[in-house]
*Asks:* 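Dumping the structure here so I can ask a few things about it.
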Protein chains: 2
Amino acid sequence: MPVAARGSLAEALSLRGIRLTRQRRLLLEVLDNAPGHLNARELLQAARRTDPTIDRATVYRTLHLLKTSGLVDELDLLHLEGEEHYYERRRTGDHVHLGCPQCGTISEFETDLVTKLAQEVHRREGFTATGVRIEVRGTCKACGEAQAR
Amino acid sequence: MPVAARGSLAEALSLRGIRLTRQRRLLLEVLDNAPGHLNARELLQAARRTDPTIDRATVYRTLHLLKTSGLVDELDLLHLEGEEHYYERRRTGDHVHLGCPQCGTISEFETDLVTKLAQEVHRREGFTATGVRIEVRGTCKACGEAQAR
DNA sequence: CTGTGAATGCAACTGAGTCGCAACTACGAG
DNA sequence: CTCGTAGTTGCGACTCAGTTGCATTCACAG
């Protein structure tokens with residue numbers, strides 16, 4: 001079952017028959033509007049700005065729910081920024097994360113190689129991919145140019 | 001500087017001027033001979049079978065050293081088996097990890113798409129990759145066939 | 001509106017990973 | 001071969017992410 005191409009996470013959840021509580025609605029909203037990648041702690045902090053009573057456990061339970069529902073992906077971004085895990089809404093376009101340890105930037109890169117990889121794995125191994133995570137560590141353009149001098 | 005194609009991790013370390021202590025030698029040996037992927041706890045346990053006095057902190061410090069020297073890669077194997085990180089010796093062949101949550105198996109898959117990806121990222125973004133990690137979650141052949149019935 | 005099963009907040013807990021420090025040791029200089 | 005020392009270890013205390021059990025609260029079907 002594919003995720004609706006557009007529409008809020010909240011809609012997607014209620015379609016799955018998952019109870020929509022005030023806390024979940026808030027967390028989903030924060031995730032939907034987040035500029036970059038959030039970890040659990042940041043998600044909690046952001047949510048508490050609206051509802052200071054929301055608990056850590058609720059955040060973890062909700063993230064777990066979203067992960068197993070396939071609505072968010074979990075990343076560790078190559079541990080550039082610590083040991084925590086980061087979360088992002090699962091999207092339609094295949095993309096890869098590029099992390100540069102020198103400047104600490106995480107950028108994204110769209111490529112159909114992700115799909116090609118899934119196809120090759122299926123053809124050669126009989127393995128049916130449900131999720132692919134690709135993280136590349138290296139030197140970004142800006143840091144590379146700075147070094148060249 | 002490429003890692004020597006063959007030879008023990010210990011040799012590779014001493015080539016880099018890193019002091020070779022009894023504890024490091026032991027940990028390297030365990031890593032070299034490990035059948036699959038080890039996490040820090042398993043590495044500690046295995047090492048303690050030979051030297052019961054080796055400490056947790058030493059294991060973490062050594063792993064950190066090996067990571068920053070580029071001699072081992074850190075994986076989380078898509079959190080199939082928990083939240084810990086797993087370590088494997090960095091190898092010459094590009095490979096991808098295939099994880100099947102149903103049977104808990106992690107297998108590996110060699111493909112030149114890893115190299116192609118690094119090239120594409122460089123060509124289109126000016127990003128120079130030093131490491132690529134690809135983890136695929138899905139249904140392995142055996143579990144897929146079992147489901148078909 | 002109401003009953004109930006699911007979700008929440010809370011507080012205690014687990015376990016991975018880190019840190020400061022005193023004791024120890026690998027290894028290069030002599 | 002011996003010595004000095006900078007780097008390493010073991011130890012114990014600590015931090016902090018994530019989990020769990022339980023009493024209370026709440027979403028929502030009927």
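Chain naming here is simple, since letters A, B, ... match the order of the sequence lines and numbering starts at 1 in each.
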*Asks:* Would you say the side chain of A/E88 lies within less than 4.5 Å of the side chain of A/L75, judging by non-hydrogen atoms?
*Replies:* yes
*Asks:* In whole angstrom, what separates B/Q23's CD from C/dT25's P?
*Replies:*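 From B/Q23 CD to C/dT25 P: 9 Å.
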*Asks:* Less than 3.5 Å apart, any donor N or O on the side chain of B/H37 or B/E108 sitting next to an acceptor on the other?
*Replies:* yes
*Asks:* Has B/Y60 got a side-chain N or O lying under 4.0 Å from the OP1 or OP2 atom of C/dT18?
*Replies:*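 Checking C/dT18 against B/Y60, no side-chain N or O comes under 4.0 Å of OP1 or OP2.
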*Asks:* So, is B/R41 close to the C/dA16 phosphate, meaning a side-chain N or O under 4.0 Å from OP1 or OP2?
*Replies:* yes
*Asks:* Name the one of B/K116, B/R123, B/R124 that satisfies side chain to side chain donor-acceptor pair (under 3.5 Å) with B/E120?
*Replies:* B/R124
*Asks:* Output the rounded distance in Å from OH (A/Y86) to P (D/dG18).
*Replies:* 10 Å
*Asks:* Can you tell me if A/R24 touches the phosphate of C/dA7, counting only side-chain N or O atoms and a distance under 4.0 Å to OP1 or OP2?
*Replies:* yes
*Asks:* Can you tell me how far P of C/dA7 sits from CZ of A/R56, to the nearest Å?
*Replies:*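 Distance check: A/R56 CZ to C/dA7 P gives 20 Å.
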*Asks:* Hey, is the side chain of B/T58 poking within less than 4.0 Å of OP1 or OP2 on D/dG10, counting only N and O atoms?
*Replies:* yes
*Asks:* What's the CG-P distance between A/L26 and C/dA7, to the nearest Å?
*Replies:*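 Roughly 17 Å, once rounded to whole Å.
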*Asks:* Is the shortest side-chain heavy-atom distance between B/R133 and A/V136 below 4.5 Å?
*Replies:* no
*Asks:* Measure the distance from CG on A/L20 to C1' on D/dA29 and round it to the nearest whole Å.
*Replies:*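 Between C1' of D/dA29 and CG of A/L20: 15 Å.
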*Asks:* How long is the line joining CD of A/E42 and P of D/dA17, in whole Å?
*Replies:* 11 Å
*Asks:* With hydrophobic residues grouped by side-chain heavy-atom distances under 4.5 Å, do A/L31 and A/Y60 end up in a single group?
*Replies:* no
*Asks:* Please confirm whether the shortest side-chain N or O distance from B/R22 to OP1 or OP2 of C/dA26 is below 4.0 Å.
*Replies:*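 The answer is no; no side-chain N or O of B/R22 sits under 4.0 Å from OP1 or OP2.
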*Asks:* Is any side-chain N or O of B/H64 closer than 4.0 Å to OP1 or OP2 of C/dG17?
*Replies:*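 No.
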*Asks:* B/I54 has an atom CD1; how far is it from atom P of C/dC24, in whole Å?
*Replies:*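 In whole Å, C/dC24 P and B/I54 CD1 are 18 Å from each other.
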*Asks:* If I take atom CZ in residue B/R19 and atom P in nucleotide C/dG28, what distance separates them, rounded to the nearest angstrom?
*Replies:*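 The answer, rounded to whole Å, is 8 Å.
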*Asks:* Among D/dT9, D/dC26, C/dA16, find the nucleotide with the atom closest to the side chain of B/R61.
*Replies:* D/dT9
